Protein chains: 2
Amino acid sequence: MKTRNIHSDLALAILGLLSLRPASGYDLRKVFLTTAMKAFSASPGAIYPALRRLERDGLIEGAVERKHTLRPRMIFKLSGKGKAALVASLTKPVTREDVIRRLDGLLLRFSFMSGLLGEAETLVFLAVLAAETQGYLKVLEEEYRRSAPGMPFSGRAALEQGVETYRVTARWAGKTLKELKKDLSSKGASK
Amino acid sequence: MKTRNIHSDLALAILGLLSLRPASGYDLRKVFLTTAMKAFSASPGAIYPALRRLERDGLIEGAVERKHTLRPRMIFKLSGKGKAALVASLTKPVTREDVIRRLDGLLLRFSFMSGLLGEAETLVFLAVLAAETQGYLKVLEEEYRRSAPGMPFSGRAALEQGVETYRVTARWAGKTLKELKKDLSSKGASK
DNA sequence: TGCAGCATGTAACCTGTTACATGATTAG
DNA sequence: CTAATCATGTAACAGGTTACATGCTGCA
C-alpha cells in the first residue's frame, strides 16, 4: 500500500492533532489561535482547503454532526491510511538540510511522537537531530570566528542570534535525549 | 512616489545583498549556499524568477557584463527605487505576529540595517523586538506552566524547546539593545 | 577527452495569503 | 435587538519546490 506523503507543515499539524482526537476545522483553528501552535496559519483559507485535500487523499474522514439541526459541523477523524502516512512522515530520516531550513517542521514531528512511535524510534530521531544540530552549530561558530571581525554591527549581531539559537537547540536535544534514555533503561531494569 | 512593497524573505535578502554590492544571480546563489544565509532557498527556480520580478518592478537594474565574450553574465544593482523599498521594508513596524510567525524575517531585516538606517531607527526596531519577544516568552511560559503536567513526553519537550528559544532571543535582543545604546551615548559624549 | 564548475533558465505542481462572503446562534 | 462568536467556505494572486534543460570554460 502506497502511503501518500504529506507536503506541508500545516497538513502534518492537522494530522497530528487529529491523531489525538477528532475535530472540526473550527476546532483546529482554535488550537492554532490559542496554543503554542500559533506559529501555524489559522486562516480559513489555509485550513479548509487543506482538510479537503487530506480527505480527498483518504487520510482523514469527515462526518456531519448535528445533521438535523441548522448548524451542522464536519467532524474529521484520522483514517488508517492517514495514521500510516503520519507515522511514515514522523520516521523519515533527519538531514542537515532539515535542521538548517526546516527546524520547525522537525520540532513539529517530534511533538507528536509520544503517542505514535515507540521510544526506540523517538530516540533515534533525537540522536540524529542532536548530532546534526551540534554539527551545524560548529559550522556557524566557525563562520562567526572568520567573518565577525569584518562585519557591520547589525550583521554580526544577527549572526550571533543564529549561533545562540542553535546552541540552545543542540543543548536541548542532548538533554532530552538523555532523559529519554534514562526512561528506557529504568523500564528495561524493572522488566 | 509609491514604493512597491517586498513580499518574500527571499526578495528582501536579495535586495539586502545587492545593497552591499552588485551581483549576478549566480553570485547570490553562492552566498545562499556558503554562508549563514543557507536558511534561504538557493534553487535557481526561486532566485531567477525573483530577480526578474524585482527588475520588472524597477527595484533592481541588470546590466550584461562581458557582452562580447561567449559567456555573458547579468550583473544586478539596486536602483534608487529599490533602495527606497528596502528602507521602507526595514522600517515597517514590528508586531507580535511577526515575532511569532516570522522571526526569521525580522532577523533578516535587522541584519541589513547597519548600512541603511540610522542608529536611532535601529534602536527603535530592537527595542520593540525585545519587548515583543519578552512578552511572547511570558505567554509561552504561562502556557507551559498550565499545560506541561498533562502533556505527553515529546509534546512537553517540544514546548520546552520553544520556550528556551524565545528565552535566548529575548536575552539577545536586550543585550544587543544595550550595546547599541552604549555606542550611541559614547558618540554623543565625544561630539 | 571528460568532468567539475560557471551561468542561466523553464514548467508543472502545490500551498499559503488576503480579502471577501454567508448565515446561525447565544449572551447581554 | 445586536454584537460576538460559531462555522464554513471561495477566488485571485504570489511564491517556492522539484525536476529538467542548455551550453560554455578551465583543468587534468
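Here the structure is a predicted model, which is why all the values come from computation and not from measurement. Throughout, a chain's letter reflects where its sequence line sits, starting with A, and its residues are numbered from 1.
Look at A:Arg56 and you won't find any side-chain N or O under 4.0 angstrom from OP1 or OP2 of C:dC14. For the OP1/OP2 pair of D:dT8 and a distance below 4.0 Å, the side-chain nitrogens and oxygens of A:Arg29 include no atom meeting the criterion. Within the 4.0 Å cut-off from OP1 or OP2 of D:dT17, at least one side-chain nitrogen or oxygen of B:Ser41 is found. Taking side-chain N and O atoms only, A:Tyr48 has a distance below 4.0 Å to OP1 or OP2 of D:dT8. For B:Arg52, no side-chain nitrogen or oxygen approaches OP1 or OP2 of C:dT8 to under 4.0 Å.
Using a 4.5 Å cut-off on side-chain heavy atoms (C-beta onward), A:Arg29 and A:Pro44 make contact. At a threshold of 4.5 Å between non-hydrogen side-chain atoms, the residues B:Leu33 and B:Lys38 do not count as touching.
Within the 4.0 angstrom heavy-atom criterion, only backbone atoms of the sugar-phosphate kind lie near A:Gly25; the bases stay farther away. Backbone-only engagement by B:Arg53 is indicated by non-hydrogen atom pairs under 4.0 Å involving sugar-phosphate atoms exclusively. Contacts of B:Ser43 with the nucleic acid, taken as non-hydrogen atoms under 4.0 Å apart, include base atoms.
For B:Tyr26, whose side chain is taken as the heavy atoms from C-beta onward, the closest listed nucleotide among C:dT15, C:dT8, D:dT8 is C:dT8. Here C:dT8 is the nucleotide among C:dT17, D:dT8, C:dT8 with the atom lying nearest to any side-chain atom of B:Arg73. Between D:dG16, D:dT8, C:dG9, one nucleotide has an atom nearer to the side chain of B:Ser8 than all others, and that is D:dG16. Residue B:Ala46 has its side chain nearest to D:dG16 when only D:dG16, C:dT17, D:dA14 are considered.
Nucleotide C:dT15 holds its C1' atom 14 Å from the CG atom of A:Asp57, rounded to whole Å.
DNA chain C is contacted by both B:Pro44 and B:Arg102; B:Pro44 maps to the nucleotide lying nearer its 5′ end (nearest heavy atom per residue).
The CG atom of A:Leu90 sits 11.0 Å away from the CG atom of A:Leu106 when rounded to the nearest 0.5 Å.
In this structure, a donor-acceptor pair under 3.5 Å is present between the side chains of B:Thr169 and A:Gln161.
Side chain of A:Arg109 to main chain of A:Lys92: a donor-acceptor pair is present (N/O by atom type, distance under 3.5 Å, no hydrogens or angles).
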